[in-house]
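Atoms considered below: every heavy atom in the structure, side chains included; atoms not considered: hydrogens, waters and symmetry mates.
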Amino acid sequence: AGITSRRTTRGSRAMLSLRGGLAPLLVLLLACTRGVADTTALETPAPTALETLALGAVETSSIEADDQVNYSVDASSCDGYLHVELWDTGRGDADAAEAMADPMLMVRRDDPPWASYEPDNNDWRFSDETYVDLEGYRLIRAYHRVVVDMRSCADACARACPTGSSANCQALCLVDCEEPDSDDEPFIIGIKNVRVWVDETLTFELLATCVSEDDIPPCPRPLGVEIGDCGGQGQGSCVAPAALEDGAVDRLALASGVCACAEGWGDVGCDEPLAELVANDPPVSVTVPAGEWAYFYVDVAAPDASDRAAAMLVEMRRDGGDPVLFVKRVDGSDVDDAGSGGGSWRAEGADAAWETPSTGTTPWVGDYANFADADGFRSRLNYHYLMLANAQLGRYYVAVFNNDVYLTETARVTVNAKVAFGAGLEDSEGDPPLCPMACGADAATPRGSCLDAPAVGAAPVGTCDCASGFAGVACEGTLATTSVSKSGGAGVSGTLAPGDWAYVEFDVDADAANAGVVLEFVHAGGHPVLLLSRGEIPDLLTAHFILSTTQRLERRAQFKIGARDLVPGTYYVAVHNMNYYADGTCEYTVRLQSSLVDEYAMTSPGFMTVVLVVIMGMFVCMVLSVCRRLFARAMRRRGGGFGGVLFVGRDEDWGTSP
């Protein structure tokens, strides 16, 4: 059955497609896309006026954009965990919110906390010894929280060394444990309504509570106190962090409880509905509006007690829109130190701050570099996939984001997950290996087969062995052979359905290499992309020459590959009927000859590369002038996450969006 995604407050980033050779331009673009509306550092002054907040009392108030309000809370009676929570109540239903404020929650002992943004290094600096919910800020969540561990070392070590621990567990724990600050000065809670991308009034509720040292550390309550921890209503339960009882005290990473979400729920507070993907079941159909997300979960479960290597293949096929596929572990064990929400000390220039720890965050735009099918998205393919060799047992998030920077249309996609286990070291038999598209083995005309993993004990990830007449990583395209003629021959002709590929192989001898080769391309319909490589099948990310990506290619075009760009050998032409900006079949003919035809002007690929760089430079200049407007719009509509995220997209000349 079809599933319609739920609107969320996740954000998007402007997306520009660049090849590796244009990296300097990408650096220039990222300087824009990670920048702010103002060109000076946004520093919060330290106001002298403080408002008083009593433990357990809810404060309701509002502040204008770029303002900060500070509350003094006396936590001297708290011997457990100080839990500070902020709910942005002004945005109402996220589905209907056209604009929202941009809160940042900070907590500091004695002095008001402050934060400043530095455009030069594209990052935030904070006052010393400041707690901040940086992930909540980046994702523009409606709920922010900070937890301060106030337990004495005696209480903390008693909890860290339960019954059955070694005799000297507590003694060793006390040696390394640092007592909490015994200063009776109050904590200062700072709420900053950041005015970087938006200019909206922040209406909020603020609550500071003390959780007993005998209880589980506090868990998120995104839906409010009355609903309770972890979404309440059976959506999840609060449990202690996995490493709480290991003989050590970590006052930051282990100061927050973890939400164990029930089936069908996810995210840090178990407030995001998820659809189930059953491994090795048929694909699930999804409709994702422009600029929105669809979320799933899939379990990797061992079929027996043996310790066999596992692999998981998640596939997505698109029909419309501009989707990108994400796969990420629910428990966050695949997030390295660069990820947010790990509960770590975060150096910010000369100052530092502690981030609120979190576990179970659903994929967001900040996960693009580590957990998205960047290659499929950048290449504008209809088929996207992520192969996880040596997949871990447990639960994974699968998410689809429909980017709306260039295409504002609904994405209709199908998503499926396949899991396979390799052969054991003793006598267990392995599953058939996994390959993208199954190498076309299930097509009406089988295009190839998936070869087994190379060794016993290895993850069952195969490689495609293409049948005669087919080629590509997944045997996705037809393969024909032609030759370079001196007077122009019949060449190779065919018809490509939307999104399909065709490859043409030809040899260049010494004479042709010295004379140069002319590639003549004739087409009707569709949006043909023309690529060329020597010795390997080209694609949009690795092609040696990109001859044409424009939707406005003349019906009959010729390209000169000069002698300086040729050496004897085997070459491959790729013709791809891109299905992002045009929808229709493409009839084509590819001819190769070693002499020029006077009636056509020729341009060598080397020169075309220079022209491409110049054009892209002009385009980046245009992006620099409009990115502020694009990002302000994106943030106002969806609440885009902040952070150093590499986002890429299409060349402006790839096509005309609907």
Close side-chain approach of C210 and Y81, heavy atoms under 4.5 Å | no

Given D229, which of C238, P218, P220 fulfils the side-chain contact (heavy atoms from CB on, under 4.5 Å) condition?
-> C238

pair check: C157 + C173, SG-SG < 2.5 Å = yes

Using the salt bridge (charged side-chain N to carboxylate O under 4.0 Å, His left out) rule, pick out the option among R329, K328, R138 that qualifies with D367.
-> K328

Between CH2 on residue W124 and CG on residue L134, distance to nearest 0.5 Å | 9.0 Å

First locate atom CD of Q235, then atom CD1 of I227, and finally report the distance between them rounded to the nearest 0.5 Å.
-> 8.0 Å

Does the pair E135 and R141 meet the rule for a salt bridge (charged side-chain N to carboxylate O under 4.0 Å, His left out), with working shown?
-> CA-CA 8 Å; E135 183 178 86; R141 286 184 173 137; 3.1 Å; yes

Can we say E276 and R395 salt-bridge, meaning some charged N sits less than 4.0 Å from an Asp/Glu carboxylate O?
-> no

side-chain contact (heavy atoms from CB on, under 4.5 Å) test vs V225 passes for just one of T209, L207, V58, namely L207

State the CG-CE distance between N416 and M316, to the nearest 0.5 angstrom.
-> 11.0 Å

Name the orientation class of the two ring planes belonging to Y368 and F326 (parallel below 30°, tilted from 30 to 60°, perpendicular beyond 60°).
-> perpendicular

Over 60° means perpendicular and under 30° means parallel, so classify the ring planes of W87 and Y143, tilted if in between.
-> tilted

Step by step, would you call K418 with E315 a salt bridge (charged side-chain N to carboxylate O under 4.0 Å, His left out)?
-> CA-CA 8 Å; K418 299 177 181 178; E315 301 175 291; 3.6 Å; yes

Distance (rounded to the nearest 0.5 Å) between K192 NZ and I63 CD1 | 7.5 Å

Heavy-atom check, side chain of V324 versus side chain of N403, under 4.5 Å | no

Among V148, V146, I189, V147, find the residue that satisfies the side-chain contact (heavy atoms from CB on, under 4.5 Å) test when tested with L82.
-> V148

Cys pair C219/C259: SG distance under 2.5 Å?
-> no

The single option from F296, Y297, Y396 that satisfies side-chain contact (heavy atoms from CB on, under 4.5 Å) with L277 is F296

Shortest non-hydrogen pair, V413 vs R318, comes out as CG1-CA, 3.8 Å

Just how far is it from atom CD1 of I191 to atom CE of M106, taken to the nearest 0.5 Å?
-> 9.5 Å

Rounded to the nearest 0.5 Å, what's the gap from CZ on F204 to CD on E59? Could you check?
-> 6.5 Å

Side-chain heavy atoms of H144 within contact of P103, under 4.5 Å = yes

